[in-house]
Amino acid sequence: MNFTDNLLQWYNKNRRDLPWRNTTDPYIIWLSEIILQQTRVDQGMPYFYRFAEAYPTVTAFAAATEDEILKLWQGLGYYSRGRNMLKTARIVQEKFNGNFPHRYDDLIALKGIGEYTAAAISSFAANQAKAVVDGNVSRVIARYLGISEPINSTAGKKLFQQLANELLNQQLPAMHNQAMMEFGALQCRPKNPDCGICPVKAGCYAYQNNQVNQLPVKLKTVKIKNRYFNYFLISSNDEVLLNKRGDNDIWANMYDLPMIETNELWSPEQLFSSPDIVSLFGIIPQIIEIYPVQKHILTHQHIHARFYHICLEQNKFKLKSTFFFAEVKNLNSFALPKIIFLFLNKFFKF
DNA sequence: AACACGGGGCA
DNA sequence: TGCCCAGTGTT
C-alpha cells in the first residue's frame with residue numbers, strides 16, 4: 001500500500017470526532033479554521049462553540065460590532081483574527097449576499113484567509129482538490145520524504161506546498177487533508193512521535209535514517225523583546241478609568257488601563273518624578289498602592305507589568321481622548337488582554 | 001525576507 | 001526554558 005492509502009486507513013481508525021468535521025457549511029468551517037490558526041484544538045474548542053452559538057450565520061456575524069467580537073475572542077490571542085473575521089463577514093454579507101464562498105479563488109481574496117485556510121475551506125466544504133499545508137503537514141512531509149529545507153523559508157514553503165499537492169488524493173481531498181493534519185497532530189507529533197506503531201514507518205525517510213528528531217528544520221525565531229508597562233488603576237464611585245488601545249501595537253483596539261511604557265524597569269520614584277507622568281495626567285498623582293512586577297510571557301515578547309493604584313485630585317487632572325470611566329459592573333463587557341483581565345478581576349471581583 | 005501578532009501546553 | 005500550535009498581514 002502506498003502512503004496515502006495507509007494514511008486514510010489510519011485516519012478512519014484514529015480520527016477524533018470534532019464538531020467542525022460534521023458539516024460542509026463553509027461558514028462554520030471558516031469559523032473553526034480561523035480559531036485554530038496557531039491554536040491547539042483543546043484551546044480553541046470552547047471558543048468555537050461560543051462563536052457558533054452567538055453567530056449561527058455569517059449574516060449574524062456581520063451584524064456584530066468589533067467590541068463584541070473582540071470580547072468573545074478575549075483570552076485566545078492573535079486578536080487580528082477576530083478583527084479580520086468581522087471585515088470578511090461584512091464583505092461576504094454584501095458581495096455574496098450572505099452566502100459564504102467555497103471556491104479557493106474567492107476565499108483567498110478575503111481578509112484573514114491565506115493559502116492554508118483557503119485550501120481548508122474549499123476542500124472541506126466543496127471537495128476542491130487543494131492541499132492544505134500547516135505545521136502538521138509540513139512536519140509529516142519533511143520526515144516522510146526526508147526534506148531538510150526549512151519549513152518556514154520562502155523556498156521551503158513553496159516546496160512543501162508543491163509536495164503536498166503531489167501527495168493529495170484527488171478523489172478524496174477533504175478526507176486526505178484532514179488525515180494529514182490529524183496524523184501530524186496525533187501520531188507524527190513534534191516531540192515524541194509514536195514511531196513504534198506508525199503505519200508508514202517502512203517508507204519514512206526520517207525513521208529509517210534516524211532523523212526523526214532532526215526533521216523538520218525550522219529557521220531560528222526572532223529574539224524575544226522585553227517590554228515594561230507601568231499601569232495605573234484609577235477608580236472612584238464604582239467606576240474605573242479604562243483606555244482604548246490604538247490599532248498599531250499588541251492588543252489592538254482592546255481595552256486596558258492608562259499606562260506608561262518605559263525602556264527598562266523603572267522604580268516608583270523614577271516613574272512618579274518623570275515628565276511622562278505629568279504629561280499623562282497633568283498632575284503628579286498620589287500613590288495608594290504599588291503591586292509587585294508581574295511577568296506576562298508571550299511568544300515574541302515578555303511584558304513586565306507593574307500596577308499602581310493611584311488617586312487623582314478631583315477636577316484637576318486632564319485625560320487623553322482614549323481614556324474614559326467605565327462602571328465596574330460593566331467591566332466584563334470590555335475586551336481585556338489576559339493580564340489586565342486577571343488584575344482587574346482580582347481587584348474588583350467582577 | 002523579516003517581523004508583528006497571544007496565550008497555553010508540554011518535556 | 002524552549003518549542004510548537006489547523007497562519008496571516010505588513011513592511
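Reckoned from all heavy atoms, side chains included, excluding hydrogens, waters and symmetry mates. Here is how names work: the chains are called A, B, and so on, in the same order as the sequence lines, proteins then strands, and each is numbered from 1.
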Can you figure out which of [options] approaches the side chain of [X] most closely?
X      : options             : value
A:R21  : C:dA6, C:dC5, B:dC5 : C:dA6
A:T117 : C:dT8, C:dA6, B:dG6 : C:dT8
A:Y116 : C:dA6, B:dG6, C:dC4 : C:dA6

Quiz prompt | Closest-nucleotide 5' rank along DNA chain C - winner of A:R139 and A:G112 | solution =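 The residue closer to the strand's 5' end, by nearest nucleotide, is A:R139.
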Self-check item: Heavy-atom donor-acceptor pair, A:S80 side-chain to C:dG9 base, under 3.5 Å
Solution: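 Flag unset: no donor-acceptor pair detected.
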For [X] and [N], is the shortest distance between a side-chain N/O and OP1 or OP2 below 4.0 Å?
X      : N      : result
A:Q43  : C:dC5  : no
A:W251 : B:dG7  : yes
A:K338 : B:dG8  : yes
A:R81  : B:dG6  : no
A:H296 : B:dG7  : yes
A:K111 : C:dT10 : yes

Atom [atom1] of [X] and atom [atom2] of [N]: how far apart are they, to the nearest Å?
X      : N      : atom1 : atom2 : value
A:R189 : B:dC10 : CZ    : P     : 12 Å
A:E33  : C:dA6  : CD    : P     : 11 Å
A:K220 : B:dA2  : NZ    : P     : 8 Å
A:I297 : C:dT1  : CD1   : P     : 8 Å
A:L298 : C:dC5  : CG    : P     : 18 Å
A:F124 : C:dA6  : CZ    : C1'   : 8 Å
A:D194 : B:dA11 : CG    : P     : 13 Å
A:R227 : B:dA4  : CZ    : C1'   : 10 Å

Same-atom distance ([atom1]) from [N] to [M], integer angstrom:
N      : M     : atom1 : answer
B:dG8  : C:dG9 : P     : 24 Å
C:dT11 : B:dG6 : P     : 15 Å
B:dC3  : C:dA6 : C1'   : 22 Å
C:dT10 : B:dG7 : C1'   : 22 Å

Say whether [X] and [Y], considering side chains only, have a donor N or O and an acceptor N or O under 3.5 Å apart.
X      : Y      : value
A:R21  : A:Q178 : yes
A:Y255 : A:N243 : no
A:T4   : A:N2   : yes

Self-check item: Of all pairs that satisfy salt bridge (charged side-chain N to carboxylate O under 4.0 Å, His left out), the ones with a partner from residues 62-85 of chain A, not counting sequence neighbours
Solution: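 Of all non-adjacent pairs touching residues 62-85 of chain A, those that pass salt bridge (charged side-chain N to carboxylate O under 4.0 Å, His left out) are A:D67-A:K244.
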Exercise. Using ring pair (Phe, Tyr, Trp, His ring centres under 6.0 Å) as the criterion, point out the one residue from A:F229, A:F272, A:Y291, A:F343 that pairs with A:Y308.
Key: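 Single pass found, and it is A:F272.
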What contact category does [X] fall into here, base, sugar-phosphate, or nothing, at under 4.0 angstrom with non-hydrogen atoms?
X      : value
A:G77  : base
A:L76  : base
A:G75  : sugar-phosphate
A:Q301 : sugar-phosphate
A:N248 : sugar-phosphate
A:W20  : base
A:L110 : sugar-phosphate
A:D42  : nothing

Quiz item: Considering heavy-atom distances to DNA chain B, does A:Q37 or A:K191 have its closest nucleotide positioned more toward the 5' end?
Solution: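 That would be A:Q37.
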Quiz item: Start at the 5' end of DNA chain B and walk down; is the nucleotide closest to A:Y79 or to A:N192 reached first?
Solution: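 In this pair, the answer is A:Y79.
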Practice problem: Identify whether the distance between the nearest side-chain nitrogen and carboxylate oxygen of A:K329 and A:D238 falls below 4.0 Å. | Solution: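 Answer for the salt bridge query: no.
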Exercise. Please determine if A:D249 and A:R227 form a salt bridge, counting it only when a charged side-chain N lies under 4.0 Å from a carboxylate O.
Key: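 Looking at A:R227 together with A:D249, the answer is yes, because their closest N to O distance falls below 4.0 Å.
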